[in-house]
Every structure is written in C-alpha cells, then in structure tokens.
Amino acid sequence: MPIDSYSDVRRACLSRIEEETGADLSGWYADVEEALIEAWQDLITRHPWIALVKDPPGVFLTQDDITTPTVTIAAAGTSVSATLSANPQSGQSMAGRKLRVTGQNWIARITAHVADSTALTLDAVPATVAAGSAMTIFQDEYTLASDLGVFHDGGLWTQEGDFIELWDEERLRRAYPDPPSGAWPPEAFARLGRRGIRLSQYPTAVRRVEYTYTYEPSNPSGTGVLAIPAYLRPVYLHGALALAYDFKNDRRAPKEVVRYELGVERAIAYERRLRTGLGRLPHAAAPAALYR
C-alpha cells in the first residue's frame, strides 16, 4: 500500500509494530502519533530539502531614509517624546524605524507614531536635542516571511543583481556597530530571531529585495499528500518506526535507527545530484550504489 499521507504512514507504522491500526483498537495509537510528529520535525530540519524551497521566493521592499524634517527632544530618558518640524512621510507611520540626530553617536528606535503626525515616541534617549536639529529616520531592520526556514543560497538578491551575504549577528555588530550609515547595496545582513533581519547599512532608496528559502511545513495530519517528495516518505516511516520501537523497548529499534540514518544520507546524496546533475570531472567517484 502507498505511504503518501500522514494516515498512510501511521497505518504502516502501527502495522509494523504489530498493533491494530484503528484509533480505538490499539493502546499505542497516541504514542505512534507522537513518534510521527517527532520524526517529521527531525527529518525536515536535517537538510534544506529541495521540495521545501519556497515558490515563489520571498520578497520585500526597503524604505528610503528621511532627512527633511528637523527634530526637538526636550528630555532625556526612556519612552521619550520627540517632535518633528513637519510630517515625515504622508500616510506612513514611522513606528519600527530608527532615528539618528546628526552629529550624535547614538540612535533611538521609534516605538510609536501615528501617520501624518509630527509627534514621535523614542525608546531611549541619552541627552536632550536642541530645537531644529537635523536628523535621519531610517529602516535597517525588516520582517520576512512567516514560514522562513533556511536561506537557500545564504543571502539576499537586490533588484540590481547584487548579493547580500548572511552573517551571524555578532559578526555584523562588530563590523558595523551603531550608529549605522546609509549605503546601497549593504555588504551583509544578520538574522534577528525567527523572521527579522538587520542590514549592515541602511537603504537610501526604495529597492526590491528577493530571497530564496526553504519553508517549514506544518506538522502533517489526515489524508492529504505529505509535503515531502516520494523518496523521503519511506525515510520518514523509518524514523517514526525507530521511535515507536524505542517506546516499546523493542530490540528492533537500533536497526531501524540505522535504516533511518542511511535513508537520510542517501536522500541528501540524491538531492545533490538533483541540484548539480550527473556530469562529473574525470576520475571523480561515481554515485553510490543504492544498496550496500
């Protein structure tokens, strides 16, 4: 029988551990479902599987920096009020952007702003700012797709075809400490938590940025076809079986772990061939045999 859906894999798993496949017929039904979810989460994070590459890719627009109004900050502290000399951008809230006073070595985040208003709230300001001081409002942090997993090619692509490399946050902060400067394209970016990113330099114009990534599918259920391709579904079954055998203290568990790990290894090798083809340099090793 096929193992194309979550229900198929659950049935096969229950059958192979010598249990009835109905929900009310086996005391191990819930344990097998637990094994299925744990195995799923392990499998989809083992490798950036080609079937999980998002189509179409992710995209976002950068924000232009704003330098036209001046700013007044009457008091230092946290949750500070600031006043601009004019509306910074028609119809746009500045909340989530950052503000830098010209000549100062600090920046502040704008935590509250109503579109078309001249009043801002800043997260923390170390000193007062005289009336009419020049400033820049900019955005160097952006929120990407809600299902973002791994960046497929390790970076972002600008509309001009420039590549922006992914760095870890510590490296980015050391190389580009606050206050940031404006430039395009930025050299690098870092992830901030799950969906957020920070650019090494803030954009000075509106630009389109695209990124390819693998998404993290939801935990499977029901009879719908699994998000993983056919060659990964037996591997998924072996992973769930290894856990189910282990739950039952079944001596077959170690062998099933080996089958699972070998299946993952072979699937990764196959995906390398999918990405690069079968051509190879002289004297290069041939693809591994299906069975060892």
Heavy-atom check, side chain of [X] versus side chain of [Y], under 4.5 Å:
{"X": "V9", "Y": "L226", "answer": "yes"}
{"X": "Y6", "Y": "I37", "answer": "yes"}
{"X": "E160", "Y": "R207", "answer": "yes"}
{"X": "K248", "Y": "I17", "answer": "yes"}

NZ/NE/NH1/NH2 to OD/OE distance under 4.0 Å, [X] and [Y]:
{"X": "R208", "Y": "E210", "answer": "yes"}
{"X": "R259", "Y": "E256", "answer": "yes"}
{"X": "R10", "Y": "E33", "answer": "yes"}

Q | Between Y231 and E271: side-chain donor-acceptor atoms closer than 3.5 Å | A | yes
(Q) Working note: R272 + H47, criterion side chain to side chain contact (heavy atoms under 4.5 Å, CB included); need CA distance, chi angles, decisive distance, verdict. (A) CA-CA 11 Å; R272 290 197 185 103; H47 180 73; 5.7 Å; no
Which atoms form the tightest heavy-atom contact between [X] and [Y], and what is the distance?
{"X": "D31", "Y": "G27", "value": "OD2-O, 3.5 Å"}
{"X": "A39", "Y": "G239", "value": "CB-C, 3.7 Å"}
{"X": "T204", "Y": "A183", "value": "CG2-N, 4.0 Å"}
{"X": "S93", "Y": "A115", "value": "N-CB, 3.9 Å"}

Q: Could you tell me which residues satisfy side chain to side chain contact (heavy atoms under 4.5 Å, CB included) with R251, sequence neighbours excluded, listed by chain and number?
A: none
I need the full list of salt bridge (charged side-chain N to carboxylate O under 4.0 Å, His left out) pairs touching [range], with sequence neighbours left out, sorted by first then second residue.
{"range": "residues 69-86", "answer": "none"}
{"range": "residues 227-244", "answer": "D4-R233"}
{"range": "residues 38-53", "answer": "D42-R46, R46-E261"}
{"range": "residues 63-87", "answer": "none"}

Q: Please list all pairs passing the ring-ring contact (aromatic ring centres under 6.0 Å, His included) test where one or both residues lie in residues 233-261, with sequence neighbours left out.
A: W40-Y236
Q) If you look only at pairs with a residue in residues 57-99, which of them pass as a ring-ring contact (aromatic ring centres under 6.0 Å, His included), with sequence neighbours excluded? A) F60-Y142
**Q.** In one Ile/Leu/Val/Met/Phe/Trp/Tyr side-chain cluster, 4.5 Å: L148, W157
**A.** no
(Q) Per the side chain to side chain donor-acceptor pair (under 3.5 Å) rule, what does the pair list look like for residues 111-129, sequence neighbours excluded? (A) N87-D116
Q | Test side-chain hydrogen bond (donor to acceptor under 3.5 Å, both in side chains) applied to E216 - qualifying residues, sequence neighbours left out | A | R194
(Q) Tell me every residue that passes side-chain hydrogen bond (donor to acceptor under 3.5 Å, both in side chains) with R11, counting only those two or more places apart in sequence or in another chain. (A) none
(Q) Quick one, F189 with F151, criterion ring-ring contact (aromatic ring centres under 6.0 Å, His included). Give me CA distance, side-chain angles, the key distance, then yes/no. (A) CA-CA 12 Å; F189 76 104; F151 286 97; 5.2 Å; yes
(Q) Which residue is it: D147, L52, L144? I am looking for the one with a side-chain contact (heavy atoms from CB on, under 4.5 Å) to Y213. (A) D147
Kindly say whether [Y] contributes a backbone atom to a donor-acceptor pair with the side chain of [X] at under 3.5 angstrom?
{"X": "W167", "Y": "E187", "answer": "no"}
{"X": "Q139", "Y": "E141", "answer": "yes"}
{"X": "D250", "Y": "A253", "answer": "no"}
{"X": "R195", "Y": "T143", "answer": "no"}

Q. Can N219 and Q41 be said to form a side chain to side chain donor-acceptor pair (under 3.5 Å), step by step?
A. CA-CA 8 Å; N219 290 335; Q41 293 172 351; 3.3 Å; yes
Q | R97/F138 under side chain to side chain contact (heavy atoms under 4.5 Å, CB included): CA gap, chis, key distance, verdict | A | CA-CA 6 Å; R97 303 193 197 187; F138 62 91; over 6 Å; no
(Q) Could you list the cluster mates of L192? Members are the ILVMFWY residues connected by side-chain heavy atoms closer than 4.5 Å, either directly or through other members. (A) none
Q. Quick one: hydrophobic cluster around V80, which other residues, with the 4.5 Å side-chain cut-off, linked directly or via members?
A. I66, V71, I73, L84, M94, L99, V101, W106, I110, L120, L122, V125, V129, M135, I137
Q | CA sep, side-chain torsions, deciding dist, call: T214, W49, side chain to side chain contact (heavy atoms under 4.5 Å, CB included) | A | CA-CA 7 Å; T214 57; W49 304 110; over 6 Å; no
Q: Step by step, work out the side chain to side chain contact (heavy atoms under 4.5 Å, CB included) result for L166 and R191.
A: CA-CA 8 Å; L166 174 61; R191 293 187 77 154; 4.0 Å; yes
Q | Separation between OG1 of T136 and NZ of K98, rounded to the nearest 0.5 Å | A | 13.5 Å
